[in-house]
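This report concerns only the one structure given below.
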Amino acid sequence: MKTEGETVAAETAAILEGILKRYRDDDGNIISILQDVQDVFGYIREDAVNWFSKKLDIPASRFFGVVTFYAQFHLRPRGKNIVSVCCGTACHVKGGSKIAEQVKKELHLNSEGETTNDKRFTFEVVRCVGACSIAPVVLVNSKVYGDMTVDSTSKLIKKLKEGAGAKK
Amino acid sequence: MAGLATVFGSGAMTNSITEIEDNDVLFVIGSNTTETHPIIGLKMKKAVRKGARLIVADPRRIDLVRFAHLWLRQRPGTDIALLNAMMHVILAEGLEDKRFIEEWTEGYDEFRKTLNEYTPEFAEKLSGVPKDDIVRAARLYASAEKAGIYYTMGITQHSMGTNNVFAIANLALLTGNLGKENSGVNPLRGQNNVQGATDMGCIPDVYPGYQKVHIPAIKDKFERAWERKLSDRPGLTATEMTEAAIEGRIKAMYIMGENPVMSDPYMNHTIKALKGLDFLVVQDIFMTETAELADVVLPAASFAEKDGTFTNTERKVQRVGKAVNPPGEARDDLRIITELSNRMGYLMHYNTPEDVLHEIGSLWPAMAGMDYRRLEKTGLQWPCPTKDHPGTPYLFKGGFPRGKGAFTPVTAIPSKELPDREYPYVLSTGRVLFHYHTGTMTRRSEALNKVIPEAYVEINPEDAMAIGIKDSERIRVSSRRGSIEIKAMLTDRAGRGMVFIPFHFREAAANVLTNDALDPYCKIPELKVCAVRIERI
Amino acid sequence: MQKNNLKKVIVRVCIGTGGLAAGGKEVIDAFKKEISDRCIDIDLDFTCHYQKVGCRGFCARDVLVDVVDGDKSLTYQCIKPEMAARIVDEHLIGGKPVKEWLIDDTYYAFHAKQKKILLKDCGTIDPEDINAYIDVGGYSGIKKVLSEMNPEDVISEIKASGLRGRGGAGFPTGLKWEICRKTPGDTKYIICNADEGDPGAFMDRSIIEGNPHSVIEGMMIAGYAVGSDHGYVYIRAEYPFAVERLRLAISQAHERGYLGKNIFGSNFGFDIKVKLGAGAFVCGEETALIASIEGQRGMPRAKPPFPVHHGLWGKPTVINNVETLSNIPYIIRNGAQWYASIGTEKSKGTKVFALTGKVKNTGLIEVPMGITLREIIYDIGGGIIGDREFKAVQTGGPSGGCIPAEMLDIPVDYESLAQVGSIVGSGGMVVLDETDCMVNIARFFLEFTQAESCGKCVPCRIGTKRLLEILDRITKGLGREGDIELLQKLSSDIKAASLCGLGQTAPNPVLSTIRYFREEYEAHIRDKKCPAKVCRDLLTYYIIEEFCKGCGACLRACPSGAITGEKKKLHKINPDICIKCGACFEVCKFKAVGRE
Amino acid sequence: MFKVTIDGKTIEVQEGTTVLDAAKMLDIPIPTLCHHPKLTPFGGCRLCIVEIKGIPRPVTSCTTPVSDGMEVTTSNPYIEDLRKTVLELILSDHPNDCMVCEKAGDCTLQELAYFYGIRENRFEGERRIYTKRDGNPFIERDLEKCIMCGRCVKVCDEVEGVGAIDFGYRGFSSKICTPFGKDLNCEFCGQCVAVCPTGALTGKMWKQKGRQKDIKEIETTCPYCGCGCSLTLHVRRNEVIKITSREDTLNEGWLCVKGRFSYSFINSPDRLTKPLIRIAPKDQSNPPLPPFVKGGRGGINNSLLVTRYSSLFREASWDEAVDYIAKRLKTLKDKYGPDAIAGLSSARCTNEENYLFQKFMRAGIGTNNIDHCARY
């Protein structure tokens, strides 16, 4: 049976109302809404999308199309810390892929986008963060680590695992 | 239809479906167009895409509201207040079409006085539509070059249904939105050939082509053509037949392809009437709820199994082509009628359905220009009097059949049964996209029933919360006439204080509940408003 | 405190992304702490300012710290927080610079052949302070325009300067403005394209981080010239510092009344909104960028109509990139003649490049158009790291090509680079040396463009995928005869048939590497060898008997257990188990691991 | 008006006309896949590329408006070669299963592959594999056959106003998506099916019912609401197996879920196939409501029905039934007069039947007691 989209909890609704208000005040678009949603929840929640879809009379498919188009958006919760290895050109020629291999190894992950079981770390590959002159670089959340080697990468991850330097 | 016939002298959609997309303003009132007329709904959406402004007046947040620039949520049964107030505003702001009124209408002076009391404030009290929205709607509609009004049963299925239609006609006359392309008054007919059945004289007071049975000259014409003496006494309408059967005045009925048990209001009443008959013949393609009560059931052919024509809501006569043979011994209705008639001693002989069409054309000039060869290419809209006539896309170009368009003063009167303490909710009934009418055809589709498998009642979430009803819960809905168990659907499509039940489902038939109060003029039942109670089980 | 002894010392710390990554913030904190400690201990008789400045280009020597004492300015390089104390003690208090930490000749060589217009202020002024920009002449351009020039004058001035779009194709900026100005319409938009997506480029980011007001001023002038009162900056969300600085700059400009209505008492009003990109390279393409600002998937549409006629929300729209707009205030201030005197006949002014890769001095450079690649790589860049052999320089990012050694003397301008199969592009310049495999480089870029294809048109969606698959099999030693020709054919068809710039240029890295390094492709396909020893599947690792000391380092490093051998005895690599990770090669101190 | 020369032929067209439309006016064929005349231009398939004098690279004719004096070449070896490459690329990512595809014979992609003679493909490689099929009851979505032309997305948005689907993901992995990859949940009008140029979208109930061979197509009018949409019934061996609609009628080829997909009642096994005469007394209450027999794969089998109602009715021959009716009606008419008889005609029957029915009531019986359910 066709039913109305599921409803969201009251506190969630309050958050979403806030985002909606910002959107209306600032002639935003659905990308800005989704960026706000991801900021709050860490990923794009289906119920939030349905909520906005109904409020704004924009089909949920449109949201989903945008979410899956842009690399910034995630459909699943990510780890507390995002370890990103830059694979831009400069980093590539200076061995970025080896750094990426090392991060995977240290975090016991198989591929890009995966999150550790304890939800502490997500490993991602990014396409150039514009820090080419200190290539290769690793980002932990928004902090940039430059001139990385396989060794320094191992050390960095070990340090993060021990809890130092990890932040949200 | 009777309402429009009174005002203009002819009762049908004044414009064509294809004209919809070039409207400047569309005023859709009492029509859930996208569900009941999906393809006309597409044209409306196309018009909006092309820049038209859309006003929707409906107690429910129907799908079309998504495309509307203005949505007026009137309480069920308060259309006249709303329409009169719009006209009040139009007059107050001088937006009426004075030249049109002068040239093409009558009864204006008397009529305009009756609008005085219908201020937007007054109408807001009655209808619940904010007065500013009424003003906005009036301006929007009146200032358009090409404005079309579209309505269906939401307007007509009321005890004051005819008056509702008068009010709509008044609005169009007042603003001169008639007699030209892309603007007019358009009742959207709900069934594939309801226009045709009416055209063909399957109504008690007229022969084919709306020719009155009581006018001697007309009767003479038909007596000569049909070679029999005919009665000049108008017959009974369907709803009156039920009464007459209960009272014993009607002894036998012959029902061809209808299912009044499901479609008529107050189901228990209808069943009682049909059971009381001495003799009932039902001719159908399925064993319907009505056929179960028959003395003889005749197996008929479906649309795919016969040749003929349908007339759609825009008066367009179109071909029906035989694709397959009827199952078993089932026969097409034409053959059944001919044979029965012959046995009864009234001889009929037609080689093909087209012979019948030619006979129709000989008796009603509006279809005289039609033959199957012409219709095969594309349908033709009546009037089409000659073989080289292209058909008539819109009516009243340069005049109304009755001469001038008549203003008919109407006052806002309440529905027959209003909510009270015992039955505090208003029930409206109607269709959904995925089913059709009494469900005889659509409920046999596995696919359709996967989407909408069972009946439900739309309840506003706030009302539901007040009663303590959860989504999908089975509840009881009762009226003074009966009671059904049904699944609740919580949705803000329904406004506060109203519920909606589609009438396709025999296991929770909406018409067990509905009121058989009739419009005094055209005997249409008040299916859109009755009082009900909602309870948890 | 004696007033007559008061002197002003400025400590400037570079905190571009490079500077920050190298610990710029920590360095500032260290200076703050050291100085405030001293202030308490000893009664300092001078005040000290810290300035945060944007990128100064020479990122290889980060963190860079200037100490400005009166009119004397000295620069320290490679400063770490723990070095602050000594500088404070010896230089700030003692008046004696710490000689061994000061910049050396390389630093001067790095700057000698540059011509800094945009980057001149970048790195000296505080980007978080609008006054700093005003102090160096900022906003005098828009003032001049509003008081002395009509929009047509502005357009002819820009046309006369010869400025061409710095985003890639090099379309004349003045002409673009003129077309948009002449397109009828009440509402027009100026969009600043700061969606710097090329891997290997960070010019725009550095300009916004270092001198955001120059971009704002450029947009205002563009708005005035075109007849637009509304601008958007579309900037990558991956540049959080740039976004922050830009937003700050816009709000400061608002506070001053430089943005808003009736700017400088004129009838002209202008407003700027910041829109964050959400991570799609293709949004650098004009029509995709517009779709993205409108909140849609960034899928380009066919041109014509061009954005100057039918752009954002269907209105005439000028889209310029950061560097282009940043040039505008300087052209207005100093005149078209001055600007046109820099550069070559067809390519005027300077161009900012992000010089990276295997070059000694990496960083952000600004050079006059017409300078040769050799000058950039050897004079400014200081040559190749480890003095290895130069192989090629990749310009223009994924849309560009690789230029080989024999063409190092061509001048850097739009036409010359196009002629050799590359482009100026937005300004990425990645230097490759003998250890880089050109097939691998082509594969790298195709992997990028293939992943960034929006998927709308067939040649790009499926064609780049097939290109990548062919390159992939070549690097894996599965290349077939005819693959080179197939690559060329498919490449040229993709270029011809694709909808937008991404697809039309995506095969460039393939075509240019085949053009100049065909023998490398052939070696991969015919001999199953990677001459640069990069392609893992084509390598075999072995122990060179005469060098092996049996130290066991390789054995410990091997992740797959492919190496066996007893201590102090010759080790062996089992090729069946070896996963060719190269760990042994890197770990061996005796060069006893061979690779072929 | 703009003058444009296409392949040497000159025509004057309105400003804003696309090169493709201008070529159509000149009856010059240009191959297309993603273009649909009723939808906004897309320019994704690149098959309609043409060369225009003065423009360095080929452009898509579906998106390019003509300009005055434009000279267009729609076909030359270079253009045809590019088209062939594009087709090969599409086919390199398309299942090669025309043999069992519902769309075979009516598939634009298949047709183009045929005309360009593509048997060998230079481009081989990974093909998209989607194992999940959509669980909705109407529309089969075989995304492996999707060529990303976007017609379905546009028709759903621009014509139907629903937006149930959109492009999702990007590059090689892009596909047409429902929100969060759920099963399609929409109005099921099937407009998307009607415009799909390949076998990616088909009707679920069409499966293995027949393709081109032995199919008769009969034009008729929809039996549902009052819109009066034109239908084309596809008939194979006395069974309606599919319904489509022509594009040149008032409904422009668009239909709703009922018109397009809800024809199974024709072949329903509980159709009435024999006249029935009541045997049970009238006041006997009705048997409990039997469940509807849904679907039906053709073939008439009303044995179930007869059993279910055998307590109420017995089968009769037409002769007996009609005779019985005639006798009863005559008796009642003689006894109570013609106005004791009433007839209800049907808004579902044809004009001819309705005309004849009221003629029968009025002239044959002699009463005006004739009506139909115009009011419900």
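Since the structure is predicted, the reported quantities are computational estimates derived from the model, not experimental observations. Every chain is numbered from 1, with letters handed out A, B, ... down the list of sequences.
Side chains of H437(B) and R348(D) form a contact here, defined as non-hydrogen atoms less than 4.5 Å apart. Inter-residue side-chain proximity for I325(D) and L298(B) is flagged as met; some heavy-atom pair is nearer than 4.5 Å. Under the 4.5 Å side-chain criterion, counting only non-hydrogen atoms from C-beta, L272(D) is not in contact with I285(B). Put simply, the side chain of M441(B) does not reach to within 4.5 Å of the side chain of Y263(D), judged on heavy atoms. Residues M200(B) and F357(D) have side chains not in contact (no heavy-atom distance under 4.5 Å, counting atoms from C-beta outward). Counting heavy atoms from C-beta outward, L250(D) and E314(B) have side chains that approach closer than 4.5 Å. Residues Y355(D) and L363(B) form a side-chain contact, since some pair of their non-hydrogen atoms from C-beta on lies under 4.5 Å apart. Using a 4.5 Å heavy-atom cutoff, the side chains of P38(B) and E187(D) are not in contact.
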#### Entry: side-chain hydrogen bond (donor to acceptor under 3.5 Å, both in side chains) evaluation trace for T309(B) with N351(D)
CA-CA 6 Å; T309(B) 57; N351(D) 287 324; 3.0 Å; yes
### Message
Walk me through whether E252(D) and I39(B) qualify under side-chain contact (heavy atoms from CB on, under 4.5 Å).
### Response
CA-CA 9 Å; E252(D) 304 178 66; I39(B) 300 304; over 6 Å; no
### Task
Would you please test F360(D) and M348(B) for side-chain contact (heavy atoms from CB on, under 4.5 Å) and show each step?
CA-CA 9 Å; F360(D) 167 70; M348(B) 289 184 180; 3.9 Å; yes
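Distance check, rounded to the nearest 0.5 Å: OG1 of T350(D) to CG of D333(B) gives 7.0 Å. Summarising the geometry, atom OG1 belonging to T239(B) is positioned 7.0 Å from atom CG belonging to D371(D); distances are rounded to the nearest 0.5 Å. Distance check, rounded to the nearest 0.5 Å: CZ of R443(B) to OG of S262(D) gives 13.0 Å. Interatomic distance, CG of N238(D) versus CG of N325(B), reported as 4.5 Å (0.5 Å rounding). In this structure, CD1 on I250(B) lies 6.5 Å from OG1 on T367(D), to the nearest 0.5 angstrom. Atoms CG and SG, from N192(B) and C222(D) in turn, are 7.5 Å apart once rounded to the nearest 0.5 Å.
Looking at R66(B), only its side chain comes within 4.5 Å of chain D, counting heavy atoms on both sides. Heavy atoms of V281(B) lying under 4.5 Å from chain D belong exclusively to its side chain. For Y254(B), the parts lying near chain D are the backbone and the side chain together; criterion is any non-hydrogen pair under 4.5 Å. In this structure, chain D has a heavy atom under 4.5 Å from the backbone of T36(B), while its side chain stays farther away. Both the backbone and the side chain of Y207(B) come within contact range of chain D, judged by heavy atoms closer than 4.5 Å. Residue contact with chain D, scored on non-hydrogen atoms closer than 4.5 Å, involves the backbone and the side chain of R233(B) alike. Interface residue K322(B): only backbone heavy atoms are found under 4.5 Å from chain D. For A244(B), no part sits under 4.5 Å from any heavy atom of chain D, backbone or side chain. Only the backbone of A291(B) comes within contact range of chain D, with heavy atoms under 4.5 Å apart. Proximity to chain D is absent for every atom of V48(B), based on heavy atoms less than 4.5 angstrom apart. Using a 4.5 Å cut-off between heavy atoms, E227(B) makes no contact with chain D at all. The contact between V213(B) and chain D is made entirely by side chain atoms (from C-beta outward), counting heavy-atom distances below 4.5 Å. Residue D63(B) touches chain D through its side chain alone, counting heavy-atom pairs closer than 4.5 Å. Residue contact with chain D, scored on non-hydrogen atoms closer than 4.5 Å, involves the side chain of I17(B) exclusively.
With hydrogens and angles disregarded, a donor-acceptor distance shorter than 3.5 Å links the side chain of N369(D) to the backbone of L236(B). T273(D) places no side-chain N or O within donor-acceptor distance of the main-chain N or O of E329(B), the cut-off being under 3.5 Å. Panel note: side chain N368(D), backbone S231(B); a donor-acceptor pair is recorded below 3.5 Å.
With chain B as the partner, the residue from G228(D), C256(D), G364(D), P223(D) showing the most heavy-atom pairs under 4.5 Å is P223(D). Across T338(B), L42(B), T152(B), T18(B), the residue that shares the most heavy-atom pairs under 4.5 angstrom with chain D is L42(B). The choice from Y346(B), Y436(B), F222(B), F310(B) that makes the most heavy-atom pairs within less than 4.5 Å of chain D is Y436(B). For the options S16(B), G41(B), A330(B), heavy-atom pairs under 4.5 Å to chain D are most numerous at A330(B). Taking chain B as the reference chain and counting heavy-atom pairs below 4.5 Å, the highest number among H234(D), M205(D), R328(D), R246(D) is found for R328(D). Each of G161(D), A321(D), S346(D) has some count of heavy-atom pairs under 4.5 Å with chain B, and the biggest count is that of S346(D). Here V297(B) is the residue among I40(B), T313(B), V297(B) with the most heavy-atom pairs under 4.5 Å with chain D. If you tally non-hydrogen atom pairs under 4.5 Å between each of S341(B), P326(B), A245(B) and chain D, the highest count goes to S341(B). With respect to chain D, the highest number of heavy-atom pairs below 4.5 Å among L357(B), N259(B), D278(B) belongs to D278(B). Your options are M361(D), E217(D), K258(D), and the one with the most heavy-atom pairs under 4.5 Å with chain B is K258(D).
Residues meeting the side chain to side chain contact (heavy atoms under 4.5 Å, CB included) test with D232(B), sequence neighbours left out: K219(B). By the side chain to side chain contact (heavy atoms under 4.5 Å, CB included) test, R343(B) is found to be paired with E339(B), D319(D), V322(D), D323(D), A326(D), residues two or more places apart in sequence or in another chain being considered.
Closest heavy-atom contact between V324(B) and E239(D): CG1-N, 3.7 Å. Between E258(B) and H372(D), the shortest heavy-atom contact is OE1-C, 3.9 Å. Scanning both residues, R228(B) and A363(D), for their nearest heavy atoms gives NH1-O, 3.5 Å. The two atoms that bring C349(D) and N193(B) nearest to each other are O-ND2, 2.8 Å, heavy atoms only. Taking every heavy atom of both residues into account, A323(B) and V235(D) meet most closely at CB-CG2, 3.5 Å. Across every non-hydrogen atom of W318(D) and R331(B), the tightest pair is CG-CZ, 3.2 Å.
The residues K45(B) and E158(D) are annotated as not salt-bridged, no charged nitrogen and carboxylate oxygen being separated by less than 4.0 angstrom. Taking the charged nitrogens against the carboxylate oxygens, E305(B) and R271(D) do have a contact shorter than 4.0 Å, which makes a salt bridge.
Judged by a 6.0 Å distance limit and a 45° cone about the ring axis, K251(B) is positioned over the six-membered ring of Y336(D).
Side-chain rings of Y324(D) and F279(B) approach one another, their centers coming within less than 6.0 Å.
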